Novice: 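Would you mind keeping the following structure in view while I ask a few things?
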Amino acid sequence: MGGDPAPEQIGYRGPTACAAAGITYRQLDYWARTGLVEPSVRAAYGSGTQRLYSFRDVVVLKIVKRFLDTGVALQNIRTAVQHLRDRGFADLDRMTLMSDGATVYECTSPDQVVSLLQGGQGVFGIAVGVVWRDVESALSQLHGERVDTGETLLGHNPADELAARRNRAG
């Protein structure tokens with residue numbers, strides 16, 4: 001492994017989080033200010049500091065975006081995110097979130113998904129594992145930042161290898 005920082009030591013700046021989650025900076029800013037998805041690595045203090053989002057934060061941002069795109073009201077999404085936060089985002093990658101357009105449900109078993117579908121109304125589902133991998137792949141092309149040293153971490157893009165080596169030499 002060498003000196004790779006643990007995932008929780010890596011933060012992503014706002015523009016990077018936006019790019020990976022497919023949202024605008026205005027959405028990101030509004031969601032942070034209203035407490036929907038706050039940057040868990042580092043909040044902004046004053047105008048000079050950069051918010052830093054964790055990998056999980058970015059996954060949640062993308063989930064929020066997916067639900068918004070299907071017309072779920074922000075208030076309902078807020079309830080769902082709060083629920084996920086209360087659980088400490090445990091097992092996020094194995095979860096399926098379903099919505100009938102009004103309520104967001106967490107389904108951890110296929111039976112729960114089936115019973116929702118039998119309710120008759122249109123149901124929209126997000127397999128969080130898929131979003132998780134999408135975000136992983138997007139972030140691997142973008143820059144993260146080490147929380148402890150502030151050092152920029154380049155994605156796993158082969159073209160960046162050279163730059164990474166130069167950084168280490170410097």
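A quick note: this is a predicted structure, and the numbers were derived from the prediction, not measured. We use all heavy atoms of the structure for the numbers below, so side chains are in, but hydrogens, waters and symmetry mates are not.
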Novice: Hey, does Val60 have a side-chain heavy atom less than 4.5 Å from the side chain of Val81?
Specialist: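 Yes. Closest side-chain heavy atoms under 4.5 Å.
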
Novice: Would you compute the distance between atom CH2 of Trp31 and atom CG of Leu68 and round it to the nearest 0.5 angstrom?
Specialist: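 So the gap between those two atoms works out to 5.0 Å.
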
Novice: Please lay out, stage by stage, how Arg66 and Asp134 fare under the test salt bridge (Lys or Arg N to Asp or Glu O under 4.0 Å).
Specialist: CA-CA 12 Å; Arg66 291 254 174 114; Asp134 282 355; 3.2 Å; yes

Novice: Would you say that more than 12 heavy atoms from the other residues, nucleotides or ligands in this model lie under 6.0 Å from the OH of Tyr30, or not?
Specialist: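 Open.
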
Novice: Check whether any side-chain heavy atom of Val37 lies under 4.5 Å from a side-chain heavy atom of Val64, and answer yes or no.
Specialist: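 Val37 vs Val64: side chains touch.
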
Novice: Side chains of Tyr12 and Leu142: closer than 4.5 Å at any heavy-atom pair?
Specialist: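 Not in contact.
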
Novice: Tell me, with the steps shown, if Thr34 and Arg78 meet side-chain hydrogen bond (donor to acceptor under 3.5 Å, both in side chains).
Specialist: CA-CA 10 Å; Thr34 57; Arg78 207 173 274 283; 3.2 Å; yes

Novice: Identify each donor-acceptor pair in which a side-chain atom of residues 13-24 lies under 3.5 Å from a protein atom, sequence neighbours left out, and give them as a table.
Specialist:
from, atom 1, to, atom 2, distance (Å)
Arg13, NE, Glu145, OE1, 2.6
Arg13, NH2, Glu145, OE1, 3.1
Thr24, OG1, Gln27, N, 3.0
Thr24, OG1, Gln27, OE1, 3.4

Novice: To the closest 0.5 Å, what do you measure between CG (Leu52) and CZ (Arg146)?
Specialist: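 Between atom CG of Leu52 and atom CZ of Arg146 there are 13.5 Å.
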
Novice: Under a 4.5 Å cut-off applied to non-hydrogen side-chain atoms, are Phe67 and Leu74 in contact?
Specialist: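 Phe67 does not reach Leu74 side chain to side chain.
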
Novice: Quick one: NE2 on His143 to CD1 on Ile10, what's the gap to the nearest 0.5 Å?
Specialist: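 Nearest 0.5 Å value for the NE2-CD1 distance: 13.5 Å.
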
Novice: Measure the shortest side-chain to side-chain distance between Trp132 and Arg56 over non-hydrogen atoms and say whether it is less than 4.5 angstrom.
Specialist: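 Yes, close enough: below the 4.5 Å cut-off.
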
Novice: Distance only, no hydrogens: is a donor on one side chain within 3.5 Å (strictly under) of an acceptor on the other, for Ser54 and Asp57?
Specialist: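 Yes, a side-chain donor-acceptor pair sits under 3.5 Å.
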
Novice: Would Gln50 and Arg42 count as a side chain to side chain contact (heavy atoms under 4.5 Å, CB included) if you check the C-alpha gap in whole Å, the side-chain angles of each, and the deciding distance to 0.1 Å?
Specialist: CA-CA 8 Å; Gln50 289 278 347; Arg42 188 171 70 209; 3.9 Å; yes

Novice: Starting from the C-alpha separation in whole Å, work towards a yes-or-no answer on side chain to side chain contact (heavy atoms under 4.5 Å, CB included) for Val128 and Thr96.
Specialist: CA-CA 6 Å; Val128 180; Thr96 299; over 6 Å; no

Novice: Would a hydrophobic clustering, with Ile, Leu, Val, Met, Phe, Trp and Tyr connected at side-chain separations under 4.5 Å, put Val58 with Val130?
Specialist: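 Val58 does not cluster with Val130.
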
Novice: Does some side-chain heavy atom of Phe55 sit less than 4.5 Å from a side-chain heavy atom of Val135?
Specialist: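 When only atoms from C-beta onward are counted, Phe55 and Val135 do touch, with a gap below 4.5 Å.
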
Novice: I'd like to check Arg26 versus Leu28 (side-chain heavy atoms, cut-off strictly below 4.5 Å). Are they in contact?
Specialist: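 They are not in side-chain contact.
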
